[in-house]
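Sequence lines set the chain letters: A, B, ... in the order given, protein chains first and strands last, and positions in each chain run from 1. This one's a predicted model, so the numbers in the text were calculated from it and none came from an experiment.
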Amino acid sequence: MPSLSLSLPSPPKLAPSSSSSSKPHNSEPLTRSFSVPQLHKAISALQFSPHQNSRLHLVNSSLLLKACIRSRNFHLGKLIHHKLIDSGLHLDSVLLNSLISLYSKCGDWETALSIFQSMGDGRRDLVSWSAMISCFANNNMEFDALVTFLDMLENGLYPNEYCFTAVIRSCSNANYASIGRGIFGFVLKTGYFDSDVCVGCALIDMFVKGSSDMDSARLVFEKMRERNVVTWTLMITRFAQLGCPGDAIDYFFNMLLSGYKPDRFTLTSVLSACAELKWLKLGQQLHSWVIRSGLASDVCVGCSLVDMYAKCAADGSIENSRKVFDSMPDHNVMSWTALITGYVQGDGQDQEAIKLFCDMLQGHIAPNHFTFSSVLKACANLPDLCFGEQLHAQAFKLGLSSVNCVGNSLINMYARSGRMECARKSFDILFEKNLVSYNTIVDAYAKTSDSEEAFEFFHEIEHTGIGANSFTFASLLSGAASIGAIGKGEQIHARVLKSGFGSDQCINNALVSMYSRCGNIEAALQVFSDMGDRNVISWTSIITGFAKHGFVTKALKMFYEMLETGVKPNEVTYIAVLSACSHAGLIDEGWRHFNSMYEIHGVVPRMEHYACMVDLLGRSGSLSEAIEFINSMPFKADALVWRTFLGSCQVHGNTELGEHAAKMILEQQPNDPAAYILLSNLYASEGHWEEVAAIRKNMKQRNLIKEAGCSWIEVENQVHKFHVGDTSHPQAQKIYDELNELAVRIKKVGYVPNTDFVLHDVEDEQKEQYLFQHSEKIAVAFALISTPTSKPIRVFKNLRVCGDCHAAIKYISLVTGREIVVRDANRFHHFKEGICSCNDYW
DNA sequence: TTAGGGTTAG
């Protein structure tokens, strides 16, 4: 950025005119004296003839021009300019100054500048310089505004309040904050600082926008000799925008106490502060004020009301928003977007949001980047990306896909459906990447278990100085948790403490979950116990942790403790409680919670809760009771319920019911590989090899790929992954030597290979060999030769742990004296001294 | 007669 040096002259002896502070401030356009048709008529009559008084003609033109500027009717203003050129009259400074202002306000700074330059030093007065500085400030050309200001000083002109207002406005961004402070010193010497409302407003904005210095802004406001609705509203608006809605509302009440009457600008901002705080009561009072004061027809106020009711709706219903929207006489892109956003934020109303978007297009209202951002969010929640892709194409055509908020929604939408390539492309083409963009992509990679990539972006965030926030840390922790990288998780934990986020509730909840999902339930409990402020998510995380680790008594104890502290359980809490009962086979207790969840706590059981009950009944062997339960469900059982039931059929070897369950799954999801594999495993465990072959052939024809079983372990911050019979690891030879040795040692203490778990039709001896190639056994063997004996071994598996491996690892924990923790697709197994925490019930 | 200030949506 070029540098500017500022040497300021001493002020003249004359004090600023007192008229500036007592001048009436009118926010009404001057069209009071000219209606639009009258303006048209007056302009078409504006013909100059030689026998007319040329001075009168110029004055008339000047008045009309001013009316055009005030009513923002730039087209007519330009028409006047052309008529003046046609008249051939010599234009005076007054008219030329007005023309500069006209072109400045319609964004045509080039024409404004050419008029200013054509005036020459002779005709340029303080008004011309001020208008030109203001023009640059209006058109984001702060540097040119400041250079023009310095030029003016060099030309010997001394700034007045108009000029200061314009130049201060050009310092309202971080790049020019220090120059702004220099000019502030200059203004202080002149006395305009506290005597002119507009200079005061410009200074407030300079402090707020340039350096987020709210204290200086407050000081300027307090020192102002005269305030009006605009100055009060400015304070309310800026505090609301800077994330201090409470202060904004304080200013609003002080404004009322000082006797000022809020206008549509004030109400719009204060409603927005209410929305932020979710203060529905105040919002409703303001709504009635809006109606009484006749401001209900204002589209901006209406927009804020729509937004306020949507944000304050505790139950996700946006009925009140809709009522306000429907009662508005006029709509624009913002009011439509506010309502669409309301529907997207409400639960499960995405279809309605999309319908509204289509209605908006039918009404010929063009969507903008905010609209696309919201409606793309709705698309991300739909199972089919088709409409989302169409919207992407539309946004691309309009040049909006690389705008920050649209791009962020696109990243999220593609990531949710696992299309990381498209998500990555959407990120890469962004014009400007802010923390929300980085957080979205970090979260996307963390959720798809590509935590290496997530960490790469985290380093970029740190490198670019954007500064991570609680969302970044929570996403990284969930990324570490999903692959069980406890070392990475511990590193983030240290970073969280260093960055001062140690007491952040959201991060602490993520830490509880991370430690628990990485196999260290003790550390999870430690974080939970140290938390000062716990919500339902904190409690649910620790209950889920205990349940998954098989510490069912502790999970249920935590649940009762949570109820005692007055925290209301939600749907997820009940999934944890029911699955805890299911893991331990506590049928009566499970029924009790299932029956009371709605009656006592108003939580309506949904599909997942029914699936937990099916699991509870099925696992314990009550298959017929389970199927009876499925048939009595208030809605049609989905594939998840039947898959759960099929799992139980496999455990209990019931081929007949298993076939029925598989049929039910495939009816809903004909290409679900999991159903085919479960059924194939069921046939294999019963020795029905012909059926196994038929299923494999069918899968091949349908091009269905079986998810390959794999296990992994983190050693010294590096993840080592193993597949069945894997020999690709650099230490493969050592690993297999260790496995052979282990096989001998555990057989000596009673291990008998269970070849029923070999799902191939081969000889017994080969079956035994197959068993010792299972990925979880390889991972355990690798851990034994590469980790210190004092530490527990934590192995992760993408599928359910195999029964023979479960037995073998129990014996391994006995002969080696090591504690081994295995996380499989369902739960944790803590193996210690020959016993597993699941008591062989899983 | 000419130049200056405050609204809404991710």
Going by 5.5 Å between centroids and 30° between planes, is there a stack of A:Y162 over B:dA3?
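Yes, A:Y162 stacks on the base of B:dA3.
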[X] [atom1] to [N] [atom2]: how many Å, rounded?
| X | N | atom1 | atom2 | answer |
| --- | --- | --- | --- | --- |
| A:E161 | B:dT2 | CD | C1' | 14 Å |
| A:L295 | B:dG6 | CG | P | 19 Å |
| A:L430 | B:dG10 | CG | C1' | 13 Å |
| A:R169 | B:dG5 | CZ | P | 4 Å |
| A:N408 | B:dG10 | CG | C1' | 8 Å |
| A:R70 | B:dT1 | CZ | C1' | 14 Å |
| A:M328 | B:dA9 | CE | P | 13 Å |
| A:Y343 | B:dG10 | OH | P | 16 Å |

Step through the shown structure and confirm whether more than 12 heavy atoms of other residues, nucleotides or ligands are within 6.0 Å of CZ on A:F184.
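Check passes, neighbour count above 12.
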Does [X] reach a base, just sugar-phosphate, or nothing at all? Heavy atoms under 4.0 Å.
| X | answer |
| --- | --- |
| A:N60 | nothing |
| A:V333 | nothing |
| A:V301 | nothing |
| A:T231 | base |

Report yes or no: do [X] and [Y] form a side-chain donor-acceptor pair below 3.5 Å?
| X | Y | value |
| --- | --- | --- |
| A:S304 | A:D307 | no |
| A:T440 | A:N412 | no |
| A:S373 | A:S409 | yes |
| A:N139 | A:D144 | no |

Between the side chains of A:D247 and A:R218, is the shortest nitrogen-to-carboxylate-oxygen separation below 4.0 Å, so that they form an ion pair?
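A salt bridge links A:R218 with A:D247.
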Could A:R238 and A:D205 be called an ion pair, given the rule that one side-chain N must be under 4.0 Å from one carboxylate O?
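Looking at A:D205 together with A:R238, the answer is yes, because their closest N to O distance falls below 4.0 Å.
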Proximity to the side chain of [X] - top-ranked nucleotide from [options]:
| X | options | value |
| --- | --- | --- |
| A:F370 | B:dT7, B:dA9, B:dA3 | B:dA9 |
| A:S374 | B:dT8, B:dT2, B:dG10 | B:dG10 |
| A:C300 | B:dT1, B:dT7, B:dG10 | B:dT7 |
| A:S304 | B:dA3, B:dT8, B:dG10 | B:dT8 |
| A:T341 | B:dT8, B:dA9, B:dA3 | B:dA9 |
| A:S272 | B:dG5, B:dA9, B:dG6 | B:dA9 |

Check whether any side-chain N or O of [X] sits under 4.0 Å from OP1 or OP2 of [N], and answer yes or no.
| X | N | result |
| --- | --- | --- |
| A:K66 | B:dT2 | yes |
| A:K209 | B:dG6 | no |
| A:Q345 | B:dA9 | no |

Does the [N] base have a donor-acceptor partner in the side chain of [X] within less than 3.5 Å?
| X | N | answer |
| --- | --- | --- |
| A:D205 | B:dG5 | no |
| A:S373 | B:dG10 | no |
| A:D263 | B:dG6 | yes |
| A:S98 | B:dT2 | no |
| A:N368 | B:dA9 | yes |

